[in-house]
Structures are given as structure tokens and as C-alpha cells.
Undergrad: 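Can you read through this structure? Questions will come right after.
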Amino acid sequence: MTDIFSPVRLGDIELANRVVMAPMTRDRAGPGDVPTDIMVEYYRQRAGAGLIVTEGTQPSRVGKGYWRTPGIHSEAQVEGWRKVADAVHGEGGKIVMQIMHVGRAAVQANKDADAETIAPSAIACPDKIPGPDGVPVDPVMPRALETDEIGGIIADYVTAARNAIRAGLDGVELHCASGYLPMQFLSSNSNQRTDRYGGSVENRIRFVVETLQAMADAIGPGRVGFRVCPGIKFNGMDDASPHETYAALLKAVDGKGLAYCHLMHVPMEGQDALDLVRANWTGPIIENNGLTLEKAKAVLAEGKADAVSFGYLFIGNPDLVERFRAGAPLAKANRANFYTGEGVDHVGYTDYPPMTA
Ligand SMILES: Cc1cc2nc3c(=O)[nH]c(=O)nc-3n(C[C@H](O)[C@H](O)[C@H](O)COP(=O)(O)O)c2cc1C
């Protein structure tokens, strides 16, 4: 029976335990989308996780869509992330960067005025997205990428992956969930292309397959994971057949030595999403969404996943793994401060005390 506190290896990354911190956008980056010292402290506090997956981080100025999200495309950003990685490693933790290109899920006021918004097709994201003041507004109408531009977008991901490794992180996670650029290619309703990146399932998975392969070629497959959420409707996603799309995707990237598949598990028609992943992917799996310690232990005991991730619980409990070990009560996080400290970044961010304080 797999113990949640036992070590595990995901690709080339050795975890001291199976409790992963899920990626969480917290909107605390500084000017130039550079990680701030308070972000260093936030991640350092949570280094007891077997693995931290950072907040979604844009590979380019075009890939930004939300207010104050960090980037990994400038030297200042690399230096900022180096401080984060050093702090986490100093506490004995491991950290991978989630690389998030939002594609069409962008508000112009959140990104540089001259940074355009692109997508597989010129179809606007129907869901509103918070602007700089937190008030949700309509996203930008995207420009459809030309076929010969797609290699350049993949090259941005590769540079971002190399930069993350240069900054000292242990690997990267390609964000293919939640209606951002990779999922916009995967989903039949947001991808109306007629070239080799659209139409058939084989064509719609091509962008993700090529991006994962290119990142793996650049930094080694064992340092590249990916996150999927088959069936999610967020940001206007409505794939006609998620089962077919994700079975094909998982089969295409299986056996290449990639570090892990991180499943954000939501109800899906026809088949349970974790069963779908297990049927088509033989590599390590991180299970996520709404887990408690008990549920997580059960998933591991049944051998259905290699690790489990927690989002919400890590916000209010920086020492979550120690609390789990001790059977200590868990603190509640304040939702009002998820994406803002009301002008003071540390509020609801680095001021949740450890259980011993
Ligand atoms: C404040 C907040 C920000 C999030 N940002 C991201 C993100 O940047 N990338 C991502 O893949 N998921 C993001 N998520 C989703 C979480 O990674 C996770 O899937 C979700 O919270 C469910 O897990 P939980 O029930 O343990 O919280 C975010 C969730 C929260 C609460």
C-alpha cells in the first residue's frame, strides 16, 4: 500500500513525498512581470511539498492574459525565478514551472499595449476575465495564427523551458488545461482550422504533441510534465468528444519518458477522466481536484495515481505536509485574497502561519 509520505520519482525528479502543490496564479509579480521577493518567501514557506508546481508563467509577452502574472522570457525574470528555486531547494524541496500561454483568454489592459492576442482560430473567449481592477471584462478578439507562425510559438515554449532550467528549477509543466492556448488547439469548438493543426483529432493534438516533444528535446523528457483537464468547460471549452481527443493525445505522448501527466479531474461524459488517463498513459500520474487527505490516501492506496496535488489547502496551510503527518487541523484560506492582497501583497499570501507558530 503506497504511503502518501513515501518518496517517488516522476521522470528525472525525485520527490521526498507524494503531496504536490498544485499550480496557482496569485497575481503578485512585479514590474516587468518579474517574480518579487514576497513570491520567493511564499514558495519557500511551501517547500515541504514533495513538489511545487508554480503558478502559470507566460513564455512570451503575447502569452500573458491576466494581471501581474510572472514571465520566463526576460533575463530579469530568470534572475527572479532563480531566487525562488534557490529558496525552495534550500528547504529541501523541488519545484517545476507551469508554462502558461493563455492564447485568446486575454484582457488587453493586463498585458503590454503592443502585445497582440493569438489563437488557433479567430473566435473570442466567451467568458469574461478580470481586468487590472479585478472586474471581469470581455477578452480580446484573437488573430488566428498562420500555419508558418506555429513553429515560432513552439520555439517560445522551448526558450521558456530552457530559461526555467537556467533559473535552477527542476523542470516544467505544459499547461494544456483550463481553456488556454494548448487546450484551444485540442478542443473542436475553439479550433476551426483547416490546415494540419485543425480538423481531425490527429491534427488537433498536433500542437501539444509537437510542443512537448520540442521541450523534451531541449531539456530532457524526464523534466517535462503536462497538465490536462478533459471535459472542462472553463473559458468556453466545449470539445465534441473529449474522450477521443485525450485518448489520442495521451497515446501519442506516452512512452517518450515524460515526467508526468497532471490530471485536473472533472466529471466527463462517458468515462471517468482518471480511468481515461490510466487506459492511455503508462507514465506517472498526479491526481488533482477537491482532494482531502483521506481521498488522496485512497487514490494512492488503490494504485490509481503516483502522487496527488492540492491547491486551495496549500494557500492557507504553508506546512500542509507537516499538518497531514501530525493530523493537525487545517486553516481556511481567505478567497478575497486569492488574486490580490488589497494593495498589500503579503495579506492572504505569506501571512498564513505554520501550525507551530
Ligand atoms: C487561486 C487559484 C489559482 C489557480 N491558478 C491555476 C494556474 O495558474 N494553473 C492551473 O493549472 N491551475 C490553477 N488553479 C487550479 C488549481 O491548480 C487546482 O487544480 C484547483 O484548485 C483544484 O485543486 P484543489 O481542490 O486542491 O484546490 C488555480 C486555483 C486557485 C484556487
Side-chain angles (χ1 to χ4, degrees), residues 4 18-29 33 35 39 42-43 46 49-59 63-72 95-103 105-106 110 129-130 134 160 172-184 186 208 225-232 234-235 237 260-267 273-274 285-297 299 305 307-317 320-321 323-324 330-341 345 347-350 352:
I4 193 167
R18 293 165 192 256
V19 179
V20 174
M21 177 171 155
M24 283 182 289
T25 292
R26 303 299 309 275
D27 294 359
R28 263 92 167 171
D33 303 336
M39 287 168 61
Y42 166 77
Y43 285 112
R46 287 157 181 78
L51 178 69
I52 291 173
V53 184
T54 71
E55 61 208 280
T57 301
Q58 58 266 7
K64 189 183 185 196
Y66 293 95
W67 183 238
R68 293 187 67 186
T69 53
I72 186 66
I95 182 166
V96 297
M97 175 177 290
Q98 186 182 61
I99 304 185
M100 172 170 98
H101 189 309
V102 300
N110 289 344
I129 290 180
V172 297
E173 173 177 296
L174 180 64
H175 194 351
C176 309
S178 308
Y180 301 120
L181 184 66
M183 194 169 180
Q184 290 159 28
L186 293 172
V208 174
F226 62 102
R227 186 167 220 218
V228 291
C229 188
I232 198 171
F234 190 62
N235 280 333
M237 293 294 98
Y260 63 81
C261 172
H262 190 173
L263 176 66
M264 191 180 175
H265 194 162
V266 300
L274 183 53
I285 297 171
I286 307 174
E287 159 77 345
N288 167 257
N289 204 6
L291 293 175
T292 57
L293 176 59
E294 286 64 36
K295 284 189 199 168
K297 280 181 167 171
V299 170
V308 283
S309 77
F310 299 85
Y312 171 78
L313 288 181
F314 262 110
I315 294 181
N317 300 277
L320 184 64
V321 177
R323 291 195 200 209
F324 279 166
L330 299 178
K332 285 205 164 75
N334 182 359
R335 287 182 188 272
N337 300 132
F338 277 9
Y339 303 105
T340 172
D345 282 350
V347 175
Y349 190 57
T350 52
Y352 291 105

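Each residue takes its place number in the sequence, starting with 1. When a ligand or atom number is given, it counts from 1 through the structure's own listing order. When reading the values below, keep in mind they use all heavy atoms of this one structure, side chains included, and skip hydrogens, waters and symmetry mates. In this text the structure is predicted, and so the values were computed from the model without any measurement.
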Undergrad: Identify, with sequence neighbours excluded, every residue that meets side chain to side chain contact (heavy atoms under 4.5 Å, CB included) alongside R68.
TA: D27, D345

Undergrad: Taking non-hydrogen atoms within less than 4.0 Å of ligand 1, which protein residues qualify?
TA: A22, P23, M24, T25, G56, Q98, H175, R227, M264, N288, N289, G290, F310, G311, Y312, F338, Y339

Undergrad: Any side-chain to backbone donor/acceptor pair from Q58 onto T69? Under 3.5 Å, distance only.
TA: yes

Undergrad: So, using ring-ring contact (aromatic ring centres under 6.0 Å, His included) as the criterion, who are the partners of H175 when residues are at least two apart?
TA: Y180

Undergrad: Cation-pi check, R26 to Y349: give yes when NZ or CZ is under 6.0 Å from the six-membered ring centre and within 45° of the ring axis, no otherwise.
TA: no

Undergrad: What residues, two or more places apart in sequence or in another chain, satisfy ring-ring contact (aromatic ring centres under 6.0 Å, His included) together with Y339?
TA: none

Undergrad: Heavy-atom distance under 4.5 Å between the side chains of Y42 and M24, does that happen here?
TA: yes

